[in-house]
Amino acid sequence: YIVKDNDRAMDVVITSVKRLLANRAFKVLVVDDMVSARLGLVDMLVLQGFQVLQARTGRQALEILAEEKEVSLVLTDYHMPDMNGYELTRTIRSLYANADLRIIGISSSADRLLSASFLKAGASDFVYRPYVTEELQCRIDLHVQALLQIRQLRSAAFKDYLTGLNNRRYFFSQGPVLVEQCLLHNRACSVAIVDVDHFKRLNDTHGHEAGDRVLKHVADRMTAYASNTSVLLGRLGGEEFGILMPDMDSGQAQVFCDGLREHLAQGRVVLAAGEVGLTVSVGVAEVGGRETFDNYLNAADQYLYLAKQNGRNRVFN
Ligand code: GH3
Ligand code: MG
Ligand code: MG
Ligand code: MG
């Protein structure tokens, strides 16, 4: 860069450093049977700030992808001993969508149709060797930016803004999938609705903002309680939260939810007026009988109603 304006120069530096730091979150896999070709790419990617993995063959690449999880970008050669770049691309694409994993084909072949074939096999991009380093870097940047934007959009679409939990949309789209998996394998599964007791009173006494703080507190405590389990949590709306518990029959779910109820009852939220405690009521229902996901939750909601009727701060199933 030749930049006369110092402020502009500083902006360019800051942008580059930010990108370098952001790139550290991304894993890139380089697949090439030729050491020199591979290392050239590795050096370039390391300078861009990425975590870089290498494979000599397609088979090795697939092994690494299966082990590593969350590889965001694959750069692959065409001519390789065990499987060629198309086959590798096709296999990877059958496992990972373009929204999650980008594939860039690279080859020194003289065949001008190679790029189209790569793209048809599922590659996101292609460059011929010898490549212009800066162009390849720019293409990689564009792909990484696109992946970041997709992540942000997903987060906006599926996360509850206030609590950071999965939102209703996510809970109702993922819930039926998890239930289906359990039923398919003859495993138990239960759902629950958690409702904060007398939340309106809390809002009326301390204000809506304090109410929001309490909701965030409840969500955080639920998340901590459910960590290291495979349960799915979500905010269904207002002061109601959904729980989906794979591999738990209603008895096990009752125990799990009662532990949660106790955990929430022990917490204190610091408000301007001082510390407040809170309790929740929970309705639990086991899935089965080929009902719809809505029906399972309705059943849980009916037990929740009974829990409220019978004095609150309790779990019914
Ligand atoms: P119960 O023990 O029977 O559940 O009584 P409750 O007061 O908790 O239930 P009710 O349904 O009467 O009141 C829920 C209140 O939650 C009413 C509504 O204003 C409040 N609310 C809903 N969403 C939000 C939110 O996002 N933030 C805050 N602060 N309040 C909310
Ligand atoms: Mg080769
Ligand atoms: Mg409610
Ligand atoms: Mg309530």
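Predicted, not measured: the structure shown is a model, and the values here were computed from it. Whatever order the structure lists them in is the order used to number ligands and atoms, beginning at 1.
Using a cutoff of 4.0 Å between basic side-chain nitrogens and carboxylate oxygens, Lys27 and Glu68 are scored as salt-bridged. In summary, Asp100 and Arg151 do not engage in a salt bridge, as defined by a charged side-chain N under 4.0 Å from a carboxylate O.
Relative to atom 25 (C) of ligand 1, the option among Glu239, Arg235, His198 with the closest non-hydrogen atom is Arg235. Distances from atom 8 (O) of ligand 1 to the heavy atoms of Tyr305, Tyr161, Phe199 put Phe199 nearest.
Proximity of Val196 to ligand 1, defined as any heavy-atom pair under 4.0 Å, is confined to the backbone N, CA, C and O atoms. At a heavy-atom distance under 4.0 Å, only side-chain atoms of Lys308, from C-beta outward, approach ligand 1. Both the backbone and the side chain of Asp212 come within 4.0 Å of ligand 1, counting heavy atoms alone.
Here the Mg ion (ligand 4) is the vertex; the OD1 atom in Asp195 and the OE1 atom in Glu239 give an angle of 90° (to 10°).
Relative orientation of the Tyr78 and Phe118 rings is perpendicular, given thresholds of 30° and 60° on the angle between their planes.
Protein heavy atom at the shortest distance from atom 22 (C) of ligand 1 is Gly238 CA, 3.5 Å.
The name of the N, O or S atom in Asp77 nearest to the Mg ion (ligand 2) is OD2. If you look at His79 and ask which of its N, O or S atoms sits nearest the Mg ion (ligand 2), the answer is O.
At a threshold of 2.8 Å, the Mg ion (ligand 2) has a backbone or side-chain N, O or S atom of Asp33 nearer than that distance. With a cut-off of 2.8 Å, the Mg ion (ligand 4) has no N, O or S atom of Lys308 in range.
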